[in-house]
Amino acid sequence: MNKILIIAEHDGKTLSPSTAKCVSCAAAFGGDIDIAVLGQGTGDVAAQAASIAGVHAVIQIDAAHLEAPLSVNHANEIVALASGYSHLLGPSSTYGKDLMPRVAALLGANQVSDIMEVMGPYQMKRPVYAGNAIVNVTAPEDVTLVGTVRVASWPAASEGGGAEIRQAEPAAGPCTDSAWIGLESGGGERPDLQTAGIVVSGGRALGSKENFELIYALADQLGAGVGASRAAVDAGYVPNDMQVGQTGKIIAPDVYFAIGISGAIQHITGIKDAGTIVAINKDPDAPIFEIADIGLVGDLFNIVPELKSQLG
Amino acid sequence: MKILVGIKRVVDYNVRIRVKSDGSGIETDGVKMSINPFDEIALEEALRTKEAGKADEVIVFSAGDDACQQQLRTGLAMGADRAVQIQCDQPLQPLTAARAMLALAQREEAGLVILGKQAIDDDNNQTPQMLAALWGRPQATFASSVDLQDGKARVVREVDAGLETIEVNLPAVISVDLRLNEPRFVKLPEIMKAKRKPLEVIGLEELGVSVENNLAVSDYTPPPTRSKGIVVDDTGQLVSELKNRGLI
């Protein structure tokens with residue numbers, strides 16, 4: 001039977017919703033599901049992980065050198081836990097993408113990135129070429145399967161579990177060749193881009209950082225998260241953590257507003273799982289209209305304030 | 001210090017991808033091939049490091065058949081000092097690619113390996129991390145700023161929560177993100193000069209590496225498409241449409 005270990009993602013206090021999505025993916029493989037929580041003072045996080053339905057046990061490893069999410073330290077702990085597990089899964093977030101290949105290499109395993117569908121214990125689907133093709137991947141059964149879970153493809157597993165929490169000692173000391181210096185957070189108090197039900201995104205057509213206030217104002221009225229195209233990030237209108245697309249965040253909100261975004265294929269890759277896509281653009285030939293459920297051609301500088309007042 | 005930069009030959013990022021009708025892969029006949037865009041950024045960073053007097057030599061390498069020499073020549077024209085083709089007749093999955101890179105890094109006694117964070121064909125985002133693991137060295141992935149000082153690299157990383165700064169002792173592996181720099185354009189005289197720069201060809205097995213592509217990849221299919229929806233005339237219609245569908 002499969003025995004699956006999920007690596008929890010958290011900020012020290014709160015478990016990321018990506019972990020409950022990994023549990024759904026693990027449930028599709030089938031078998032016992034454990035969650036590893038690595039950090040320092042992670043009692044709350046471990047309790048949140050234990051409350052996810054379908055989880056068998058939570059393994060909590062607390063140590064000062066695990067507080068920062070340095071993959072060089074985290075990988076050693078996961079490798080030490082790995083024996084006895086058939087599958088090791090992490091989220092396809094920057095944390096999981098940084099960490100899991102390091103784990104895979106230390107175990108001598110290849111990795112399956114961005115698992116979007118599970119067909120069998122060692123058979124999965126994943127996107128390639130910026131989502132322009134989907135492939136089947138069959139992994140060998142005699143090697144630990146290391147994978148990252150494309151979180152936008154999976155619903156969050158429900159609450160209501162009561163898993164046992166086990167404390168474990170760290171297996172390794174800190175790596176002295178890496179030091180964590182700090183994190184400059186770009187995001188404010190708005191809903192998290194990757195879990196918000198509604199996301200409002202702006203593109204290059206906004207023209208400036210100041211004009212982007214239009215997007216924030218509309219988003220706040222809707223209680224929405226805020227995203228941006230790569231062009232808007234490159235132009236310095238918004239911080240990098242708002243980028244949606246192939247190399248930014250892959251999201252699946254119920255409603256996605258693409259405002260002043262032409263719809264480059266790399267951007268569309270990040271939103272194609274959205275429930276409803278609304279596009280506002282002054283160019284009627286913009287590719288975004290090819291995939292939008294509701295399109296409105298016109299000047300965003302007129303439309304967005306109008307929209308805001310009509311929604312008010 | 002020597003800097004190694006990996007470059008992968010991929011379908012140019014402007015090409016519209018078409019899946020072969022038999023599902024065995026994507027169409028590459030007559031399709032423009034280029035250096036993976038992230039790898040160009042990696043090479044640019046290495047060249048700037050050398051130009052700033054912080055490295056002695058920049059070596060570009062690629063794993064593949066002879067076709068990848070075209071991209072290696074482009075790398076030489078950008079300014080790399082020499083090139084190494086790791087010859088193999090099939091694409092390498094990341095673990096094997098990382099093993100080949102490790103052998104090369106050890107042979108060259110590289111002080112730094114700079115790689116693109118992912119190749120835009122397989123979108124794996126694995127090889128730099130795997131190389132760092134096999135090498136027993138630190139990794140700094142998704143770099144948007146790199147500062148080399150006293151045998152250390154201070155790297156700003158683009159992460160989901162914002163910009164994270166870490167410091168790693170060299171040797172190390174850095175994987176680069178899009179906003180690190182803007183790669184230079186190659187000028188014609190540089191292309192001529194690049195023809196005379198050394199390009200070594202070495203077999204994968206000569207590096208002591210065997211192919212371990214143990215993931216079977218099959219059944220390429222186009223993704224489900226979203227159909228085109230409706231176009232409304234004005235904001236009022238948009239609002240009523242959203243309300244009718246129960247979306248707001």
Side-chain angles (χ1 to χ4, degrees), chain A residues 70-72 75 93-94 97-98 101-102 104-106 110-114 127-140 143 175 177-187 222 234 239-241 247 249 254-255 272 276 289-297 303 306-307 310-311, chain B residues 11 17 19 26 93-95 98 118 120-126 129-130 132-134 137-139 141-142 144 154 158-169 172 177-179 214-223 226 228-232 234-236 238-239 241-242 245 247-248:
Chain A
L70 277 175
S71 58
V72 70
S93 57
T94 50
K97 286 174 178 172
D98 186 46
R102 191 164 180 109
L106 292 174
N110 271 300
Q111 178 184 297
V112 182
S113 297
D114 305 312
V128 294
Y129 289 94
N132 284 301
I134 311 295
V135 294
N136 289 1
V137 180
T138 306
V143 183
C175 165
D177 281 320
S178 297
W180 192 83
I181 308 294
L183 173 70
E184 186 190 319
S185 179
L222 293 164
D234 283 355
N240 68 287
D241 49 23
T247 64
K249 290 178 180 165
D254 300 328
V255 190
K272 64 169 95 186
T276 300
F289 288 119
E290 295 301 316
I291 60 141
D293 299 283
I294 310 175
L296 175 54
V297 180
I303 293 170
E306 262 177 47
L307 188 58
Q310 291 186 29
L311 290 168
Chain B
V11 173
I17 299 298
V19 172
I26 61 131
Q93 289 177 357
L95 186 62
Q118 71 192 73
I120 60 165
D121 49 8
D122 290 331
D123 283 333
N124 274 317
N125 197 332
Q126 297 175 9
Q129 297 87 313
M130 287 183 162
L134 298 176
R137 297 303 310 164
Q139 66 197 44
T141 52
F142 326 145
S144 68
R154 184 175 274 241
E158 294 206 3
V159 297
D160 290 339
L163 295 171
E164 182 189 81
T165 305
I166 65 170
E167 204 167 69
V168 294
N169 293 343
D177 218 317
L178 289 170
R179 278 174 283 275
N214 63 11
L215 297 177
V217 179
S218 64
D219 300 278
Y220 283 72
T221 51
R226 294 185 73 105
K228 192 172 175 165
I230 59 162
V231 175
V232 294
D234 56 35
T235 315
L238 172 58
V239 172
E241 196 62 44
L242 289 169
R245 298 185 191 196
L247 297 173
I248 53 170

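Lettering follows sequence order; numbering is per chain, from 1.
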Say whether, by atom type as modelled, one donor and one acceptor occur between the side chain of B:Gln126 and the main chain of A:Gln111 under 3.5 angstrom.
-> yes
If you measure only the distance, is there a donor-acceptor pair under 3.5 Å linking the side chains of B:Gln139 and A:Asp98?
-> yes
Considering only heavy atoms and a distance below 4.5 Å, find which of A:Asn132, A:Val135, A:Asn110 pairs most often with chain B.
-> A:Asn110
Which region of A:Ala292, side chain (C-beta onward) or backbone (N, CA, C, O), has a non-hydrogen atom less than 4.5 Å from a non-hydrogen atom of chain B, or is it both or neither?
-> backbone
Using a cut-off of under 4.5 Å for heavy-atom pairs, which of B:Asp177, B:Val217, B:Val19 has the most such pairs with chain A?
-> B:Val217
Under 4.5 Å from any heavy atom of chain B - which part of A:Lys249 = side chain
Just by distance, do the side chain of B:Asp123 and the backbone of A:Ala130 share a donor-acceptor pair under 3.5 Å?
-> yes
Nearest-0.5 Å distance that lies between atom CG in A:Leu296 and atom OG1 in B:Thr235 = 5.5 Å
Which atom pair, heavy atoms only, marks the closest approach of B:Val168 to A:Ser178?
-> CG1-OG, 3.9 Å
From the list A:Ala139, A:Pro127, A:Pro140, the residue making the most non-hydrogen contacts under 4.5 Å with chain B is A:Pro140
Chain B: which of A:Val143, A:Leu311, A:Asp293 shares the most heavy-atom pairs with it under 4.5 Å?
-> A:Asp293
Check each atom of A:Val137 against the heavy atoms of chain B and say whether the ones under 4.5 Å are side chain, backbone, both or neither.
-> both
Between B:Val159, B:Asp234, B:Ile248, which shows the greatest number of heavy-atom pairs under 4.5 Å with chain A?
-> B:Val159
Option in A:Val297, A:Leu222, A:Ile291, A:Val72 with maximal non-hydrogen atom pairs under 4.5 Å from chain B = A:Ile291
Residue, of B:Leu242, B:Leu178, B:Val239, that accumulates the most heavy atom pairs under 4.5 Å with chain A = B:Leu178
Correct closest heavy-atom pair for A:Ile181 and B:Arg154 would be CG2-NH1, 3.6 Å
Pairwise distance OG1(B:Thr221) to CG(A:Asn136) - rounded to 0.5 angstrom | 7.0 Å
Considering only heavy atoms and a distance below 4.5 Å, find which of B:Val232, B:Val231, B:Leu134 pairs most often with chain A.
-> B:Val232
Name the option with the most non-hydrogen atom pairs under 4.5 Å to chain A; the candidates are B:Arg226, B:Met130, B:Gln129.
-> B:Arg226
When you measure from the side chain of A:Asp177 to the backbone N and O of B:Asn169, does any donor-acceptor pair fall under 3.5 Å?
-> no
Any donor and acceptor pair, going by atom type alone, linking the side chain of B:Asp160 with main-chain N or O of A:Thr94 inside 3.5 Å?
-> yes
With chain A, which of B:Pro138, B:Gly229, B:Ala133 has the greatest number of heavy-atom pairs at distances under 4.5 Å?
-> B:Ala133
So what's closer than 4.5 Å to chain A heavy atoms on B:Phe142: side chain, backbone, both or neither?
-> side chain
In this structure, CD1 of A:Ile294 is separated from CG of B:Leu238 (nearest 0.5 Å) by 6.0 Å
Below 4.5 Å from any heavy atom of chain A, which atoms of B:Arg137 appear? Answer side chain, backbone, both or neither.
-> both
Euclidean distance, A:Tyr129 OH relative to B:Ile120 CD1, rounded to 0.5 Å | 8.5 Å
Quick one: what part of B:Ile26 sits under 4.5 Å from any heavy atom of chain A, side chain, backbone, both or neither?
-> side chain
Nearest-0.5 Å distance, CD1 of residue B:Ile166 to OG of residue A:Ser71 = 7.0 Å
What part of B:Ala98 gets closer than 4.5 Å to chain A, counting heavy atoms only: side chain, backbone, both or neither?
-> neither
Taking all heavy atoms of B:Lys228 and all of A:Phe289, pick out the closest pair and write down the distance.
-> CG-O, 3.4 Å
